[in-house]
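Report on the structure given below.
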Amino acid sequence: MADPRPTPDAPDDDPYLWLEEVEGERALQWVEARNAATLGHLSDARVAADRDAVKAALDRPDKIPLITRRGPHLYNFWQDAAHPRGLWRRTSPTSFAGDRPEWEVVLDLDMLAQAEGEDWVWHGAVTRPGAHDRALLRLSRGGGDAVVLREFDIAVRAFPPDGFVLPEAKASADWLDADTLLLSSPLGLAGDGAPAASQSGYPRAIRLWRRGADPLAAPILFEAAASSMGAWGGVDRENGQETLVFTEQLGFFDTAIHLGDWEGARHRLPLPSDARASWQKGWIVALPRTPWTLDGVTHPPDTLLGTSLAALLAGTARWQVLARPAPRRAIQNFFWCKGRLILSVLDEMRPVFTAFTPGPDDWMETPVGGLPAIGVVSLWPLDEREEESDGTLLALAQDPVTPPELLRLDPAPSAPLVLKRSSPVFDANGLVVTRHEAVSSDGERIPYVQVGPTGETGDAPVHLTGYGGFQVSMLPSYRGTIGQLWLARGGTGVIANIRGGGEFGTAWHEAGRRERKRLSHDDFAAVAADLVRRGVTVPGRIAAEGGSNGGLLIANMLTRYPERFGALFCTIPLIDMRRYTKLLAGASWIAEYGDPDKPEDWAFIRDFSAYHQAAEGKPYPPILIATTRRDDRVHPGHARKMAAKLQALGYPALFHEPAAGGHGYGKDNGEIAGFAALGAAFLRRAIGWESEA
C-alpha cells in the first residue's frame with residue numbers, strides 16, 4: 001500500500017515538509033529531476049515551434065503600448081525580442097498620436113541587468129510629483145513580489161550617488177518632497193520591538209525617510225497591529241494641500257484609513273472596516289460589503305454612498321445613495337478623475353460606465369458614452385497623479401475574437417478617440433462567442449462564455465478555465481495565447497464565472513468564500529458537465545487550467561470530480577490548506593479560506609485541501625502541476641508537495657518549476673511563451689487531440 005500521508009484526519013503528519021525549503025539542496029535535486037522528466041516527456045519540435053510563435057506574438061511591434069502621463073511626457077514600459085527585459089521609455093502626446101511614435105529611452109533594463117549581474121524584472125516606477133525629474137524604481141530579482149527600491153535621475157539617466165536605496169523587501173514608497181519619502185517597509189523592527197513585517201511578510205511600519213538617513217532608523221509615523229495584514233502609506237495633494245494617508249489592512253477585506261501629516265495619524269475615517277472608500281476635492285464615496293445603517297436606514301451590501309469629506313470628519317455627514325445593488329448587476333470599480341467619480345458596473349456581464357459630479361444637494365449622474373456595450377472594457381485616468389489630471393481617461397476595449405483597442409476620452413464631451421489598435425494574433429474566422437448557464441449542486445445558475453466553431457461535434461477539444469475567489473471577475477477578454485494554441489487549431493475555449501468571483505458583486509463572492517468555497521468548485525464541475533449535456537464534448541476531451549486560487553480549484557477537480565475531465569493543468573497553486581497560513585503571504589488569505597488552526601474552520605477547509613484528500617486508487621486524469629521558484633506570494637512548496645504525494649501514490653503526475661517568474665509564468669516573453677506552450681502541449685496530448693510523438 002502506498003503512503004497516504006498527509007490525510008484529513010492526520011493533517012500534520014507530512015513526509016514532504018522538506019520540499020518547502022525553496023533553495024534546499026535535497027529539494028532542488030528533486031525539482032531538477034522532475035523538471036528533466038517533464039521536459040523529456042513533453043518537449044519536442046512542436047513545443048519549440050509553439051513557444052516561438054507565442055513569443056513572436058508577445059513581441060510583435062504593433063501591440064498596444066499602454067501609457068501613463070507624467071508631466072509633459074507619456075511613459076511606457078516595452079518588451080520585445082530585442083529587449084526581453086524591457087525598456088522604460090517616453091514620448092510626447094503629439095508623437096504618440098502618430099503611426100510611428102518617436103520614443104526616448106529612459107532606462108534599458110537589459111543593459112542594467114547585464115552591467116550589474118542581476119536578474120532584474122521591472123515592477124514599475126513612481127516619479128516625483130510636479131517636476132517628474134526623479135523616479136523610485138521597483139526592481140524585482142527574478143519576478144518575485146519583493147523589490148529593491150532605487151532612486152533614478154531621469155534627466156541624466158543615472159542612479160544618483162546619494163540616492164535612496166532600500167534592500168529587497170515587499171516595500172513601497174511615495175515622494176513627500178525632493179529629499180523625503182513616505183516609506184512602507186517590512187524591514188527591521190517596529191516601534192513595539194517586534195518585526196516590522198506582518199505574518200504575511202508585508203509592512204507594519206510607515207516611516208518618514210529623509211535623504212542620507214538609515215531607513216531602518218527612520219521615524220515611524222504609523223504602525224499596524226501585529227495581527228494585521230499590513231500597512232501602506234500614500235500622499236494626497238489635492239487643492240495644494242498635503243495629507244498623509246495611512247491605510248491599515250486589518251484583513252484582506254477590512255481596512256482602517258487614517259489621515260495625518262508628517263507627525264503621524266490625526267483622524268481615522270469613521271467608516272465600516274469592510275467599506276471600500278475613495279475621495280477627491282472634498283467629497284468621499286463608500287461601498288460596504290455588509291449592511292450599513294445610517295440615520296435609521298439600513299443599506300444593503302454594495303450600495304454606493306457619497307457625502308462631504310469635511311462633514312464625515314465632523315460627524316455631520318448626510319450620505320446620498322448613488323447606486324444600489326441588483327441581481328446580476330454589480331459594481332466592479334470606482335475612481336475619481338478631475339472631480340468626477342467614474343463608476344464601472346457589470347450588468348448581466350455587460351460593461352456600463354457612469355460619471356457622477358458631486359454637489360451639496362445632489363450628485364449629477366451622466367453616462368460615459370461611446371464605449372462598447374459588449375465585450376470587456378477597462379477605464380482609467382491617463383495621469384499618474386490625481387492632482388495633475390485634466391480629466392482625460394483611457395479605455396481598453398476587446399472581446400474574445402477582437403483584439404484590444406486603446407481609446408482616449410477627453411474631458412469635454414466627445415466621442416472616444418481610437419489611439420491604437422492591436423493586430424490579431426490568431427485567425428478568428430469561423431469562431432463564435434456564446435453565453436450559457438450551468439446548474440450547480442445547489443441549483444444556482446452559473447454563467448459561462450464559450451468561444452469556438454459553429455455547430456457541435458460532440459467531442460470538441462475544450463479548454464476550460466476559471467478562478468472563483470477574492471471577488472475577482474473572470475471576463476471574456478482577447479486571450480491571444482489560448483487563441484494561438486487552442487482556438488486557431490479548431491478547439492473551443494470556455495471561461496466559467498463561478499461563485500467566489502466578483503461578476504455579480506459581494507453576494508456572488510460570499511457564496512464561494514470560506515465554508516462555501518466547495519460551492520465554487522461545484523460550479524466549475526457543473527460547467528464541465530453542462531458542456532457534455534449540451535453535446536459540445538465528452539469528459540475525456542475537457543482540458544481544465546487554473547492558476548493561484550484557480551490552481552486550488554484545479555487540484556479540487558482532480559480529487560473531487562476526476563470523472564469530468566480529460567486533463568488538468570494546475571499552475572502556481574495553493575493546495576496544502578493545512579499549512580497555507582504559514583507559507584509566505586498565506587496568512588493574508590484567512591478571510592477567504594478560513595483559519596486551519598481553528599478546529600471549527602479546519603472542519604470545512606479539510607474538504608477542499610486537495611493535498612490531504614488525494615488518495616490511492618482513484619480515477620484521476622493526467623495532471624501537470626507547475627510553479628516558479630521565485631514565487632514569493634504562493635509558496636512553491638504547494639505544487640512540489642502535491643506532485644510528490646501523487647507520484648508516491650502511483651499517479652504519473654508531471655511537475656514543472658522554472659527558476660524565475662514570480663507569481664506568474666515567466667519574467668519575459670520568452671519564458672512566458674515556453675510555459676504556455678508546454679502546458680498546452682500537455683493538455684492537447686492528454687485528451688488525445690495531439691499525438692504523443
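Values reported hereafter were calculated over all heavy atoms of this structure, with side chains retained and with hydrogens, waters and symmetry mates removed.
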Ignoring hydrogens and angles, write down the donor-acceptor pairs under 3.5 Å from the side chains of residues 327-341, residues two or more places apart or on other chains.
from: Arg328; atom 1: NH1; to: Glu437; atom 2: OE2; distance (Å): 3.4
from: Arg328; atom 1: NH2; to: Arg445; atom 2: O; distance (Å): 3.0
from: Arg329; atom 1: NH1; to: Asp347; atom 2: OD2; distance (Å): 3.0
from: Gln332; atom 1: OE1; to: Ser473; atom 2: OG; distance (Å): 2.6
from: Gln332; atom 1: NE2; to: Gly502; atom 2: O; distance (Å): 2.9
from: Trp336; atom 1: NE1; to: Ser278; atom 2: O; distance (Å): 3.1
from: Trp336; atom 1: NE1; to: Ser278; atom 2: OG; distance (Å): 3.4

Under 3.5 Å, sequence neighbours excluded: what are the donor-acceptor pairs made by side chains of residues 359-370?
none

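Summarising the geometry of Trp175 relative to Pro129, their closest heavy-atom pair is CB-CD, 3.7 Å, with the distance given to 0.1 Å. Closest of all the heavy-atom pairs between Leu166 and Ala171 is CD2-CB, 3.5 Å. A pairwise comparison of heavy atoms in Ala438 and Ala526 identifies CB-O, 3.6 Å as the closest pair. Of all heavy-atom pairs between Ser441 and Leu519, the closest is OG-CD2, 3.8 Å.
Proximity of a side-chain donor or acceptor of Glu388 to a complementary backbone N or O of Gly130 within less than 3.5 Å is detected. Judged by distance alone, with hydrogens and angles left aside, the side-chain atoms of Gln249 form a donor-acceptor pair with the main-chain N or O of Gly251 at under 3.5 Å. Judged by distance alone, with hydrogens and angles left aside, the side-chain atoms of Ser228 form no donor-acceptor pair with the main-chain N or O of Gly230 at under 3.5 Å. Checking side-chain atoms of Asp523 against main-chain N and O of Arg499 turns up a donor-acceptor pair under 3.5 Å. Under a 3.5 Å cut-off, the side chain of Thr303 and the backbone N or O of Arg324 do not form any donor-acceptor pair. Between the side chain of Asp236 and the main chain of Val245, no donor-acceptor pair closer than 3.5 Å is present. Checked by atom type and distance alone, the side chain of Ser198 pairs as donor or acceptor with a backbone atom of Tyr202 at under 3.5 Å. With hydrogens and angles disregarded, no donor-acceptor distance shorter than 3.5 Å links the side chain of Asp410 to the backbone of Ala412. Side chain of Thr180 to main chain of Asp177: no donor-acceptor pair is present (N/O by atom type, distance under 3.5 Å, no hydrogens or angles).
Using a 4.5 Å heavy-atom threshold, the side chains of Leu419 and Leu407 count as separate. Between Trp122 and Arg138 the shortest side-chain heavy-atom distance does not fall below 4.5 Å.
Looking at Lys63, Arg421, Gln398, Lys420 one by one, the single match for side-chain contact (heavy atoms from CB on, under 4.5 Å) with Pro404 turns out to be Gln398.
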Legend entry - Pair Glu242-Trp262, side-chain hydrogen bond (donor to acceptor under 3.5 Å, both in side chains): steps then yes or no: CA-CA 10 Å; Glu242 181 183 82; Trp262 289 37; 2.6 Å; yes
Legend entry - salt bridge (charged side-chain N to carboxylate O under 4.0 Å, His left out) evaluation trace for Asp174 with Arg385: CA-CA 11 Å; Asp174 201 357; Arg385 296 281 179 176; 2.8 Å; yes
Inset, instruction - Would you check, one step at a time, whether the test side-chain hydrogen bond (donor to acceptor under 3.5 Å, both in side chains) holds for Ser548 with His663? - result: CA-CA 8 Å; Ser548 194; His663 192 57; 2.9 Å; yes
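Ring centroids of Phe77 and Trp88 are separated by 6.0 Å or more, keeping the two rings apart. Residues Phe253 and His509 place their aromatic rings such that the two centres sit under 6.0 Å apart. For Tyr593 and Phe252, the ring centers sit 6.0 Å or farther from each other. Ring centroids of Trp232 and Phe246 are separated by 6.0 Å or more, keeping the two rings apart.
Note that CD of Glu444 is 4.5 Å distant from CH2 of Trp508, once rounded to the nearest 0.5 Å. Annotation: the span from Leu346 atom CG to Asn497 atom CG amounts to 9.0 Å, rounded to 0.5 Å. Here Trp292 contributes atom CH2 and Leu294 contributes atom CG; the two are 5.0 Å apart, rounded to the nearest 0.5 Å. Between atom CG of residue Leu287 and atom CG of residue Leu343 there is a gap of 8.5 Å, rounded to the nearest 0.5 Å.
Residue pairs that meet the salt bridge (Lys or Arg N to Asp or Glu O under 4.0 Å) test with at least one member in residues 197-210, sequence neighbours left out, are Asp192-Arg204, Arg204-Glu223. Screening residues 374-383 for salt bridge (Lys or Arg N to Asp or Glu O under 4.0 Å), with sequence neighbours left out, gives Arg69-Asp383. Listed by first then second residue, pairs satisfying salt bridge (Lys or Arg N to Asp or Glu O under 4.0 Å) with a partner in residues 272-295 read Arg289-Glu510, not counting sequence neighbours.
Under 3.5 Å, the side chains of Glu238 and Trp279 contain no donor-acceptor pair of N or O atoms. His299 and Thr293 share no side-chain donor-acceptor pair at under 3.5 Å. Tyr75 and Arg70 share no side-chain donor-acceptor pair at under 3.5 Å. Looking only at atom types and distance, the side chain of Glu384 has a donor-acceptor partner in the side chain of Thr127 under 3.5 Å away. Between the side chains of Thr506 and Asp302, a donor-acceptor pair is found at a separation under 3.5 Å. The closest side-chain donor-acceptor pair between Thr434 and Gln450, if any, does not fall under 3.5 angstrom.
Taking the six-membered ring for Trp and thresholds of 30 and 60 degrees, Tyr467 and Phe470 have ring planes inclined between 30 and 60 degrees apart.
Every salt bridge (Lys or Arg N to Asp or Glu O under 4.0 Å) that Lys517 has, sequence neighbours left out, goes to Glu592.
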